[in-house]
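Have a look at the structure below, then the notes.
Worth knowing before you read on, the calculation uses all heavy atoms, side chains too, and leaves out hydrogens, waters and symmetry mates. As the structure is a prediction and not an experimental result, all values here were calculated from the model. Every number for a ligand or one of its atoms is a count from 1 in the order of the listing.
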Amino acid sequence: MNPAEGVIHPAWLRLTHWINVVAVVLMVMSGWRIFNAAPIWGFSIPAGITLGGWLGGALQWHFAAMWLLAINGLVYLVLNLGSGRFSTKFLPISPRKLWADFRAALSGHLDHDNLREYNAVQRAAYLFIVLDLIVLVLSGLVLWKSVQFPNLRELMGGYEGARRVHFIAMALLVAFVVVHLAMVALVPRTLLLMIRGR
Ligand code: HEM
């Protein structure tokens, strides 16, 4: 038997997924500490769930983990798009199918018999988070090298606008992770699959 038979998530996908988890946790927690140094909204993040201890320390974590996030994300995108996996796994997606699967999910009737195929809700959620991460990286680029990316900066409403875009994209990412973890808890077989690949 071909040893590749039965593999649903190839090794590169599992590796980039779990590296991304580490990078995202480091980025979000250090980002919260950076936010606390100059909050743009009327609240701060509880210090106990932030990383870095102080602004300088948090920036070092953020700058270190951003390479992990960006390079790992690029590897995922290149392999996913290059292998054709992206279009077979995430497309097609239609509003009608999305609505039907969403309603089925809410009423507990979405079947998970075929783990090879993502349902429309999963497709939409994964496409959304890939786009959201791209927005996070681009707005992060503006905050890091504002002078070097004037067009991108103006597109985001200037430096202050980019801070807001960056924060809102982070909040959407955290919301995705909460829902994502709840879904994995509901169908734990998928976790085994993301670890073992089959
Ligand atoms: C401890 C945290 C996490 C766990 C346990 C987890 C678990 C999983 C599992 C089990 C799957 C496969 C779902 C399936 O087969 O139906 C999956 C897929 C995915 N996860 Fe996560 N995940 C975590 C964090 C994250 C984070 C932080 C992100 C991004 C911000 C993320 C993005 C994705 C994406 C995009 C996919 C689809 C990948 C593809 O097929 O190309 N996950 N995750």
Hey, does Val184 sit under 4.0 Å from ligand 1 if you only count heavy atoms? yes
Report yes if Asn20 has an N/O atom closer than 3.5 Å to an N/O atom of ligand 1; otherwise report no. no
Heavy-atom distances under 4.0 Å are what count here, so tell me which part of Phe128 touches ligand 1: side chain, backbone, both or neither. neither
Please tell me whether Phe128 and Phe176 form a close aromatic pair, meaning their ring centres lie under 6.0 Å apart. no
Within the 6.0 Å centroid threshold, strictly below: Phe86 and Tyr76: no
Considering the heavy atoms of Phe90, write down every atom of ligand 1 situated less than 4.0 Å from one of them. 39 (C), 40 (O), 41 (O)
Just do the side chain to side chain contact (heavy atoms under 4.5 Å, CB included) check on Val135 and His166 with the steps written out, would you? CA-CA 8 Å; Val135 170; His166 203 61; over 6 Å; no
For Val177, counting its heavy atoms only, list the atoms of ligand 1 lying under 4.0 Å from any of them. 27 (C)
Checking contacts here: is it the side chain or the backbone of Thr190 that comes within 4.0 Å of ligand 1, counting heavy atoms only? Could be both or neither. both
Atoms of ligand 1 close to Phe176 [distance to a heavy atom under 4.0 angstrom, numbered from 1]: 28 (C), 29 (C), 31 (C), 32 (C)
Rounded distance (nearest 0.5 Å) linking atom CD1 of Ile8 with atom CG of Leu193: 4.5 Å
Report yes or no: does Phe86 have a heavy atom closer than 4.0 Å to ligand 1? no
Between Arg85 and ligand 1, does any nitrogen or oxygen pair lie at a separation below 3.5 Å? yes
Give the contacting part of Leu181 toward ligand 1: side chain, backbone, both or neither, where contact means a heavy-atom distance below 4.0 Å. side chain
Using a 4.0 Å heavy-atom threshold (strictly under), name the region of Leu13 that reaches ligand 1: side chain, backbone, both or neither. side chain
Gln60 atom CD, over 12 foreign heavy atoms within 6.0 Å: no
From CG (Asp101) to CZ (Arg96), nearest 0.5 Å: 13.0 Å
Using heavy-atom distances, let me know which of His112, Gln122, His180 sits nearest atom 16 (O) of ligand 1. Gln122
Kindly check if the number of other-residue, nucleotide or ligand heavy atoms within 6.0 Å of CH2 (Trp67) is above 12? no
Enumerate the atoms of ligand 1 whose separation from the nearest heavy atom of Val21 is less than 4.0 angstrom. 1 (C), 2 (C), 23 (C), 24 (C), 25 (C)
Ligand-side contact atoms (ligand 1) for residue partner Tyr76, heavy atom cut-off under 4.0 Å: 38 (C), 39 (C), 41 (O)
Stepwise side chain to side chain contact (heavy atoms under 4.5 Å, CB included) test for Arg85 and Leu79: CA-CA 8 Å; Arg85 180 184 178 277; Leu79 290 178; over 6 Å; no
Heavy atoms from other residues, nucleotides or ligands near CH2 of Trp99 exceed 12 (cutoff 6.0 Å): no
What protein heavy atom is closest to atom 11 (C) of ligand 1, reported as residue, atom name and distance in Å? Met194 CE, 3.8 Å
Backbone or side chain, does any N or O of Trp18 fall under 3.5 Å from an N or O of ligand 1? no
Element-labelled atoms of ligand 1 that are located less than 4.0 Å from some non-hydrogen atom of Leu191: 5 (C), 10 (C)
Euclidean distance, Ile45 CD1 relative to Trp32 CH2, rounded to 0.5 Å: 6.0 Å
